[in-house]
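First up is the structure itself, then whatever we jot down about it.
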Amino acid sequence: MLVSGCHPGDCHYIEQNYKTIRRHAMLKYFLERMGIESDRFRLVWASAAEGQFLAESIDSFVAAVQKLGPLGWSANWEENGQRMEA
């Protein structure tokens with residue numbers, strides 16, 4: 001999951017990107033506890049004038065996720081002490 005927004009302090013939504021920073025940290029924590037690699041979740045700050053940077057960030061993120069491969073949910077989840085099969 002890639003989340004993108006204006007640079008903190010440089011957005012007409014005033015404080016929403018600061019809330020995003022906190023939410024990103026919380027969600028990253030929970031995803032890691034669920035067995036999801038932190039490289040599958042990224043936060044990128046980019047202004048409207050940084051189209052090239054945003055495009056490069058997206059390409060970089062897609063490449064990183066492709067390198068990780070499938071999630072492998074069956075290896076991450078247990079129910080009643082038994083591993084779930086996909």
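Both L2 and V65 belong to a single network of hydrophobic side chains, linked directly or stepwise wherever heavy atoms of I, L, V, M, F, W or Y lie under 4.5 Å apart. Connection of L54 to I21 is not established within any shared hydrophobic cluster, with ILVMFWY side chains joined at heavy-atom distances below 4.5 Å, either directly or through further cluster members.
Between the CG atom in N17 and the NE2 atom in H24 there is a gap of 13.5 Å [rounded to 0.5 Å]. Rounding to the nearest 0.5 Å gives a distance of 7.0 Å between CE of M26 and CZ of R23. T20 contributes atom OG1, which lies 5.0 Å from atom CH2 of W45 (distance to the nearest 0.5 angstrom). Distance check, rounded to the nearest 0.5 Å: OG of S38 to CG of L27 gives 12.0 Å. With values rounded to the nearest 0.5 angstrom, K28 atom NZ is found 12.5 Å from E37 atom CD. In this structure, the separation between CE on M34 and OH on Y29 is 13.0 Å, given to the nearest 0.5 Å.
Donor-acceptor pairing under 3.5 Å is recorded for the side chains of R42 and S60.
Between F41 and V3 there is a side-chain heavy-atom pair separated by less than 4.5 Å. In this structure, D39 and K67 have side chains that are not in contact, with every pair of non-hydrogen atoms separated by 4.5 Å or more.
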Taking it one step at a time, do L71 and R40 satisfy side chain to side chain contact (heavy atoms under 4.5 Å, CB included)? CA-CA 9 Å; L71 280 172; R40 293 185 187 273; 3.3 Å; yes
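Summarising the geometry of F53 relative to A46, their closest heavy-atom pair is CD2-CB, 4.0 Å, with the distance given to 0.1 Å.
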